[in-house]
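Take a look at the structure below.
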Amino acid sequence: MADFDDIDNPYNINGPNFCPEMYVQKLLKGSSLKQVMDNEAEIVRDTQSLHSDMQTLVYENYNKFISATDTVKKMKSDFRVMEDEMEQLAANMEEITKSSQQISSTLQETRQQFTKLLGVHSLLKRLQFLFKLPAKLSARIKEEQYAQAVQDYIHAQRVLERYGNMASFQGIQKDCEIILGDLKQRLRDQFKNKEASAKDLAKAVDLLLQLSEPADQLCAEFLAHAETRLEEQLGILDSFQEQDLLEFVDMGSKGFLSDLCLVVASYNDMFINRHTSDVHASDDFETLATGQLSKFVMERMEKYFALVSSRVEKQQEVGETLILVRALDRFHRRLQAINTLFQHTDFTLTGTNIALKAGRRQCKIHLQALKGHFWEALTRVRQTLAAPKAAGQDKDGPSLPELLTSVVLATRVKVKNVLQDLLVFLQPDLMFAMKPMFREAFCVDGVREGLVVGFMHHLTATARGFCAPGHHSVPPALLLLLSKMCLDFESTTVRELLSHTDDCFDAGVTSSSAVTPPTELCANMKAAAQDLLNHYVRMQGLTVSQMLRKSVETRDWLHTIEPRNVRAVMKRVVEDVAAMDAQVGLLYEEGQRAERSSDSSRRTHSMSVSRQFRPNWSSYASSQLDQSAIATNIHKLFSERIEIFSSVGFSKVSILTGIIKIGLKTFIECVRLRTFSRFGLQQIQVDTHYLQLYLWRFVADENLVLFLLDEVLTSTVHRCLDPVLMEPSVMDIICERG
Amino acid sequence: MADDNSIIYGLEFQARALAPQLAETEAVRFFVGTQSLKFTQNQIHLVELDEEHSYVNTRVFPHSTGEIWSVSPSPVSADVISTCYNTITEDNSCVMKSALWRLPPAETEDQTDVDQEGGSGSHHSSMNPLECLCELDTMQHGKEVKVSVFHPTDGSRVMSVVDNHFLLFDVGESSPKLISKGTLEGKGQPRFMTGKWNSHHKCTQFVTASECSIRSWDLREDNKQAWCIDGAHSQLVRDFDINPNKQYYIASGGDDGSTKFWDVRNPSEPVISISDHSHWVWAVRYNHFHDQLVLTSSSDARLVLTSVASISSEPDGHLGAPEDEVDSKNGRLADGILATYDQHEDSVYSVEWSVADPWTFASLSYDGRLVINKVPKAVKYKILL
């Protein structure tokens, strides 16, 4: 069946190349009879339907054609009427044109005459004005209406120039020029007149310029005059240095600055902006004029800034920060005005610098005040520390911890107050405070580093100063107190103050290398605390040492009687150590002990330890002394070296251990330099036993005390001519009785 | 700390007195005096270091008159020493005396050994007793004789320091003659701690330590005080030494645990102050050849070798040394601790450099332990190269 789709196929009954012969033949050949019959019926049916379709189409088209013919016929008749009407219209128009030409030709003459008459009238009017001009000008000048006079003159000038060659007008011109000369002179006089306000001046200059006076000369004159005025203002300002700062700044702003603004503004109007109209040569002049102006303004402003700076400095010696800041702000705001007028230089920059300088200076002043306050606080503490001794054992004075908290608190409060005070510099409504340049420099350099960190360094330096060898009269309690203070600062206050500062002054945000980290300050504080504490231990150790040393050195140990008592000096040592213990205990925690046992068992325990150390002390015969030396040597091998002048920990027992160590080591060394009789040895034996009974409670490791006391006794045994020890029971009795 | 092996020699008695044998310039020898209250047991040991075999030869001389507190060698005769000793009188009280002794000549080795418990590898030989040349009459001037030191060059002059006096004796003849006497006046019975000849200025000055100050006395002008460093230490001055090569410079050590270096022309402030010890400094000694090396000994049982190159007589190291060959770090000795020696277990009361070998020194602790050490090789090369 594909064959039928092909258009060129001769078998396609719908195609143009259809060949009926071939089609029939093919059909006859390829189909059965039935098929042929069917096919025939189909073709017949198709033919019939096509035929009827064709008939319908022909009928429809015929109808349309008839209606079109009718319409054409109707149009033809209408056009004929229209043509007639148009011809009539053209004839009418021609007639109208003709009559209008007639009218205009009759009126022509009268109009020309009229125009002429009008011209004559205006000329006459102008001439009249010219003749009246000199008199008018003088009148105006007399009435001091200079502006009007100038305007009149300029008005007439062109005419005069045009008709200047006529004799009658020359007279008028001359008169005018004389009058104008007078006018110019008057105007210039105004320049020199000190009373004249800037506005008047500006007016005069304006008029002169209109009269085409040379502009650069006028500039110079104008500025020269302005200078005298402004200098005067500055002079007045200078003489008011003693005034209140706010008033001073106001006066500066109202007097000097506003005048300067006026000068600049009028100058701009008169000399710079005016010339933009005539392009040629105005560029040159403008740069010249601007140059003159900027030089002038810079000089004035410099003087002004100098004045303000010096005044602000004076203020800082006495005044309140708030007023200072208000004044600075006002001053800074007014600068804004001149800045908008005079764009070549940013005066607010200088203004901000002045504010910054003032801020820094304020920081410094506060730092000084803080230092002074701290020193006063220390002096007070020293006095209170000294007072109770003078007044006997009065318990009325504040205790060490109270003094400490008062110093720390006062310092903290002072610093915070100062910060609060300085915060005024950062109030959001202040113009200069908003400048990042000011903010950064003031917050980081001024407040954080300069003031807070500087003060911390001062604290440590002052505290350390007390450890210097030059200070002999420092009360030990002060050292202790300072040490604890540094420790307090290290643990909380430094961080607190710094974070407070960072919060208030957002100085921590710019975490550049220029910012001292709190850890560094803390480390400093800790080191200072350690130094102070070590110094305290050395001092107190020395006190104990001196007592022990004197007690050993001044006695004749060879000719001493049998011991009946503990020597008083030992009791004194124990008392003093107890006092130190109490003193340290007020500020420092107890600390770790090597081993602890209940107090009740303590005494027997310590005795047993002591016996372990030196078995059968009492039964030493002199022949056994070497053996004992070997025993101690062996003991030394196994025990750690004892550092005498070593650093101590921040706890009571550690501090006391340090002091006792120093004292006992001195005892050893002193004993070794003496020679003892039997009773001398026994006295030392009693003394050491007494110390042993009372000193253990103060130290971290009682074995240390035992070891040192043991060493004292061993050394004494070695230095004894007749080393026979006392019975322990007798020793106990003597000690208990003491 | 010590990179060279140190040699330890043990005495069976406690001891404080140590001195180099000054007139001996070949062998490294030290005198040691013992301190025993059984007075007859006391001895003088002459210890000689045998470097090849790393042991010490010892000659022991009985010093039966008393316990020895100090020993001083004669500068000219190797066999003459002076001692200050404590002895007992009939009425059972102690007195301090000072005497000059001559060592018996060295004999052949076949002397019998005395049994010693001390250091291993040490040889002891018992000798003939010391010959007492003379006793110095100090009794009438005071109780406590601190030292009797020979004039640095003249073997016939001995200065004794007694209580608050210093007494110059002529011992050239058979019996010593008191030539001159100086006294420190002051309230509260001042006492000298020690004294030393100043080898500068033709030995016309004698320097003493008392309490917290150091004083120099001009022997030509009737023992007038020449200069004084008041408050040199905040507590007792235990010892000092005079820079042998650079006049005006001295070192001091005291009970405040610090060692200080002074220019005596400016007595108000030390040039350098260091606190390397954790207890009193008992002895301080300049090296005679390289005075940037300073030894200090302390009752913390330590010995510290310190460099003070910045104020030594050879401040820029050895002159003419090719600087660029050694890098700048090693080129010059910096100030500070060079070595700490922990070999002692008791207080070290004295330390001395050897006269014969500039790199060897000996230290003596109270328990009778003598330790001979050498300067670390690295330090030595830094100084020499």
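In what follows, chains are A, B, ... by sequence order, proteins preceding strands, each numbered from 1.
- Inter-residue side-chain proximity for Leu236(B) and Arg549(A) is flagged as met; some heavy-atom pair is nearer than 4.5 Å.
- Side-chain contact check for Arg672(A) versus Ser299(B): every heavy-atom pair is 4.5 Å or farther apart.
- By the 6.0 Å contact criterion, CD on Glu269(B) is open, its count of non-hydrogen atoms from other residues, nucleotides or ligands being 12 or less.
- Contact annotation for Ile668(A): neither backbone nor side-chain heavy atoms come within less than 4.5 Å of a heavy atom of chain B.
- Taking CZ of Arg674(A) as the reference point, atom SG of Cys94(B) lies at 9.5 Å (rounded to 0.5 Å).
- No more than 12 heavy atoms of other residues, nucleotides or ligands shown are found within 6.0 angstrom of CD on Gln189(B).
- Of the N and O atoms on the side chains of Glu669(A) and Tyr349(B), at least one donor lies less than 3.5 Å from an acceptor on the other residue.
- Contact annotation: the side chain of Leu721(A) approaches that of Phe39(B) to within less than 4.5 Å [non-hydrogen atoms, C-beta and beyond].
- At a threshold of 4.5 Å between non-hydrogen side-chain atoms, the residues His718(A) and Leu37(B) do not count as touching.
- Side-chain contact between Thr675(A) and Glu67(B) is present, with at least one heavy-atom pair separated by less than 4.5 Å.
- Only the side chain of Asn86(B) has a heavy atom closer than 4.5 Å to any heavy atom of chain A.
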For side chain to side chain contact (heavy atoms under 4.5 Å, CB included), just list the numbers for Ser234(B) and Arg538(A), CA-CA rounded to whole Å, side-chain angles, deciding distance to a tenth of an Å, and then say yes or no. CA-CA 11 Å; Ser234(B) 58; Arg538(A) 291 281 287 262; over 6 Å; no
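- Side-chain contact check for Trp69(B) versus Leu673(A): some heavy-atom pair is nearer than 4.5 Å.
- Residue contact with chain B, scored on non-hydrogen atoms closer than 4.5 Å, is absent for Ser545(A).
- Shown here for Asp346(B) and Glu711(A), the closest heavy-atom pair between the two residues is OD2-OE2, 4.5 Å.
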